[in-house]
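Note sheet for the following structure.
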Amino acid sequence: MLFRIPLSGPARAKAISHGQTTKGPPPMSRYSAAEIEAKWQQAWDEAGLFRATRSADKPKYYVLEMFPYPSGRIHMGHVRNYTMGDVIARYKISNGFNVLHPMGWDAFGMPAENAAMAIGGHPKDWTYNNIADMREQMKPLGLSIDWSREFATCDPEYYGQQQSLFLDMLEKGLVYRKNAIVNWDPVDMTVLANEQVIDGKGWRSGADVERRELTQWFFKISEFSEDLLASLDGLDNWPAKVKLMQANWIGKSRGLQFSFDLSTPAHGFEAVEVYTTRPDTLQGASFVGISPDHPLAKALEADDAAVASFCAEARKGGTTEEAIETAEKLGYDTGLTVRHPFDPEQVLPVWIANFILMDYGTGAIFGCPAHDQRDIDFARKYGLPVHDVFVPASGEEGHTRAENGKTAYVPPKTEAVRYIRGFAGQDVQTGAEAVDAAIAYCEGKGLGQGVTKFRLRDWGLSRQRYWGCPIPVVHCAECGVVPEAKANLPVRLPDDVTFDVPGNPLDRHATWRDCTCPKCGKEAKRETDTMDTFVDSSWYFARFTAPHAETPTVAEDAVYWMNVDQYIGGIEHAILHLLYSRFFARAMNLTGHLPEKAREPFDALFTQGMVTHEIYQTRDANGRPVYHLPEDIDRDSQTVKATGEALEIIPSAKMSKSKKNVVDPVSIVTGYGADTARWFVLSDSPPERDVEWTASGADATAKHLARVFRICADVAEMPEGAGDGDDALLRAMHKTIDEVTKGLESFGFNAAIARLYAFTNTLHKTNAGGTARRAAARVLAQLMAPMTPHIAEELWHMLAGQGLCAAAPWPKADPEMLKDESLTLPIQINGKRKAEIVVPADMPAAEVEKIVLANDAVIKALEGATPKKVIVVPGRIVNVVV
RNA sequence: GCCCAAGUGGCGGAAUGGUAGACGCAGCGGAUUCAAAAUCCGCCAUCGGAAACGAUAUGUCGGUUCGAGUCCGACCUUGGGCACCA
């Protein structure tokens, strides 16, 4: 190995005088991150430590962090995410695993096109420049990444394979076209992303956005609803909250589907089909509501200007469920009526309502205002009747709703209530029982059918944008929609495009659009939609197992490396990205690209919190906030340096450029070193929670590392020999090994680091001899290595460790050294701690009880009486109840 | 609006239902220094008390338990997601 750092005289002399046994470089005299970090990164590189190759003689371990979008700058969130993965990867290497730890770029997406529009240039150049910049910012962190596997999703080699996957899925019937609703900007004449719709207006034009239908490509994810839901049960190493969120998202429900016959048929419709999860409330129905996109609404719209103008109004605003749910509830009485299925004499009005989604159920509902908040809001607004169906099992409070209540009575389905307008089952029963009884009743009478439905909708993957993976099909006048021939893949994005006009450049690129039909050879037009960027990130984990192959995956590699043993990323991806990836893994299994075992691709998932920072804010003359950079303010006096204005300090907000509270990791690494940045983002806060970046915290971390360095340098100078404190130090060492190991195994990085602080103090204060101290210091270096690999490597060599610390086997705690001979038991009286006793660790409970009852504090509390109860929890606590 | 989380000293946080505040930051006192920086030693939840000690305390209110930060219910606040941001 070659090392480039020249040595000063004293450092060399010291290294020689302390019997350096390895071939590593002689140590330096003082901690200098800048000197050691590049040196050790080069050493790992030359040793090929992180290059992953298949191997039969080691167990494999695949650790993956969600790959970044190449914005151009890494931020602290990246540092935290990749450091966590790195800790796991390095820990697993030390434990003898063959580790795969790759990195790539989620490189398609809107920001590149926005940049092209705003500052000119080409999305491709912008993206690849950003990737180069970010790679350069990332490398100094010393991550154990196999860079030979790097790719970007915008590489034609990657998206070409994605197109191939798409064609295989098309063949298997997993892709189809249908109409779907998009945000339409009527001024720019373009489709907008949800984030481009601000308060119902287009972000550039400011025009009222409308919901408009467009023919789009879809993945049949709904075909897997049941499987995706049921399989959550097997994901034992996923956070419960993520599984719960996914389960709710998939939204399996049992309900009744039935028809309301129209009193008079209209526009060819004889009935309105509805789906309800609360058929037990059918006797409380007071209206039928249909979506503005319901076929009946559309038929009415066609020849009734009033309906048309209502529907146009109802379609205003964005497509998000949030926008629809929070918009003012609007209704239009169509004048049509339907007959109640139980009583043909009873008729209900049919309303068009803007809060009913065409995508869920049948696009039509019946409203039972007494037991649905949305329905009662609607009923009160439009003067529709409210009929109570059930009241609390005890008491009659529920009755008032029918008169003038504004709040629906919606108890949990598991709660027993008294049905006053029930028609099936007992008078008093739970909602769930009543639903089952109602379905059975209606099925028996032939009035409807019990059906299971899912909330999960098919995945619309079409995007009317340039910077994405082209959908590899052509439109032929003769043959219709034809898949592109695999031999013609990749369908490459054309380079000669401009972004001076809104809309999709592919749409107006005549020479790119023109092509020949792969089937009949005649002139045809290319599909100009590109794929949702979620497609790119739904299989990259599989591609990493054979990143440069000429097929999407390679069987041997996929079988060997899959599944991802540990996946790490932000909680914001809890639903969509993870659900789509689970779907893709299934689809890739069906199309022969992944083995059966990879249908659930992520064995363990960890969701980490964000890195936050204070916001420094003043207000302008209009009271609008003005943000200030950390370097422009004086924190002590809480003022702006330049103007002396008083500051408002807003704690703990997600770092964002616009709020000017972004801390740049590059400046931290340059100033303090990578080890300080890595240690800091792992310490203090539990990894699943947000961490607040503070300047003083970073400073303190750097000081701590320098202290560890000093302590270990002193230890390195000590002669071999025994000392009084040997046993205590070695016991502490084994305890620390045990605790840190447990911490790393369970993502308790902050707890592991706390133990390392404590052990550093122990090592500092010990009166052990040189031999024990050296052993303890080496272990300290090893235990720190996953978090702070560079300084650990330096210390390891200073302390005469063999080979590279990064390659050394993980230390093992000796169970004998973990046992304590005696322990301190707190004594509680009525649950309040009043005293404590020290007893031998193995003392039987009866003995402990005797000692406790003889204790002064206990005698005093008892005042001569006998205790009602004495609870002895072995090794834990004693509670005396008086 | 709906789904999911999280709330503990001045601050970040620790705590298999069993001594609340480990560890770190900030602060305070001391040592070293001509002085400072750096370093080292010590103190540090709140209230009362000279102290011993006592009382209070984990967002709010209620419950289960010998015992609740931890479990259950309701509420408040903050954060994440809501299908075209990634």
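When reading the values below, keep in mind they use all heavy atoms of this one structure, side chains included, and skip hydrogens, waters and symmetry mates. A quick note: this is a predicted structure, and the numbers were derived from the prediction, not measured. Letters A, B, ... are given to chains in the order of the sequence lines, protein chains preceding strands, and every chain is numbered from 1.
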Would the [X] and [Y] ring centres measure less than 6.0 Å apart?
X      : Y      : value
A/F759 : A/Y757 : no
A/F606 : A/Y567 : no
A/F583 : A/W539 : no

Whole angstrom is fine here: how far is it from [atom1] in [X] over to [atom2] in [N]?
X      : N      : atom1 : atom2 : result
A/H573 : B/rG81 : NE2   : C1'   : 11 Å
A/W459 : B/rC84 : CH2   : P     : 10 Å
A/L823 : B/rU19 : CG    : C1'   : 13 Å
A/F680 : B/rG13 : CZ    : P     : 10 Å
A/N830 : B/rA55 : CG    : C1'   : 16 Å
A/R463 : B/rC84 : CZ    : P     : 5 Å
A/W203 : B/rC85 : CH2   : P     : 11 Å
A/I877 : B/rG17 : CD1   : P     : 14 Å

Just to be sure I understand the rule, does [X] reach a base, reach only the sugar-phosphate, or reach nothing, if contact means heavy atoms closer than 4.0 Å?
X      : result
A/N761 : sugar-phosphate
A/L244 : sugar-phosphate
A/V881 : sugar-phosphate
A/D106 : sugar-phosphate
A/A574 : nothing
A/K742 : nothing
A/Q216 : base
A/T533 : sugar-phosphate
A/G460 : sugar-phosphate
A/F355 : nothing
A/K243 : nothing
A/I753 : nothing
A/K868 : nothing
A/T701 : nothing

Can you tell me if the side-chain N/O atoms of [X] get under 4.0 Å from OP1 or OP2 in [N]?
X      : N      : value
A/N750 : B/rA14 : yes
A/S685 : B/rG12 : no
A/H764 : B/rC41 : yes
A/N114 : B/rC85 : no
A/R374 : B/rC2  : no
A/N248 : B/rC4  : yes
A/R455 : B/rC3  : no
A/R833 : B/rG54 : no
A/K860 : B/rG54 : no
A/R689 : B/rA6  : no
A/N194 : B/rA83 : yes

Any donor-acceptor pair under 3.5 Å linking the side-chain atoms of [Y] with those of [X]?
X      : Y      : value
A/S537 : A/D106 : no
A/N81  : A/Q608 : yes
A/S683 : A/N750 : no
A/T528 : A/D507 : yes

Please name the nucleotide paired to [N] by Watson-Crick or G-U wobble geometry with both distances under 3.5 Å, or report none.
N      : answer
B/rG27 : B/rC43
B/rU60 : B/rA74
B/rG1  : B/rC82
B/rU16 : none
B/rA38 : none

Classify the glycosidic conformation of B/rG9 as syn or anti, calling it syn when the angle lies within 90° of 0.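 Judged by the O4'-C1' to base torsion, B/rG9 sits in syn, the angle falling within 90° of 0.
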On a plain distance test, is the side chain of A/Q196 in donor-acceptor contact with the base of B/rC85 below 3.5 Å?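 Not at all, since no donor on one side and acceptor on the other fall under 3.5 Å apart.
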Base of B/rC82 paired with side chain of A/E321 (donor-acceptor, under 3.5 Å):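 There is none.
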I'd like to know if A/E321 pairs up with A/R455 as an ion pair, taking the criterion as any Lys NZ or Arg NE/NH1/NH2 lying under 4.0 Å from an Asp or Glu carboxylate oxygen.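 Counted as a salt bridge, because a side-chain N and a carboxylate O are separated by less than 4.0 Å.
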For nucleotides B/rU64 and B/rU70, find the distance between their C1' atoms and express it as a whole number of Å.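 One C1' to the other, the span is 13 Å.
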Take atom C1' in B/rG17 and the same atom in B/rG9, then report the distance between them in whole Å.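 Per the computed distance, 24 Å lies between those C1' atoms.
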Candidates B/rC84, B/rG18, B/rU56 - which lies nearest the side chain of A/N879: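 Among the listed nucleotides, the one closest to the side chain of A/N879 is B/rG18.
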Side chain to side chain contact (heavy atoms under 4.5 Å, CB included) partner of A/W217, chosen from A/M531, A/R463, A/E527: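 Passing option: A/E527.
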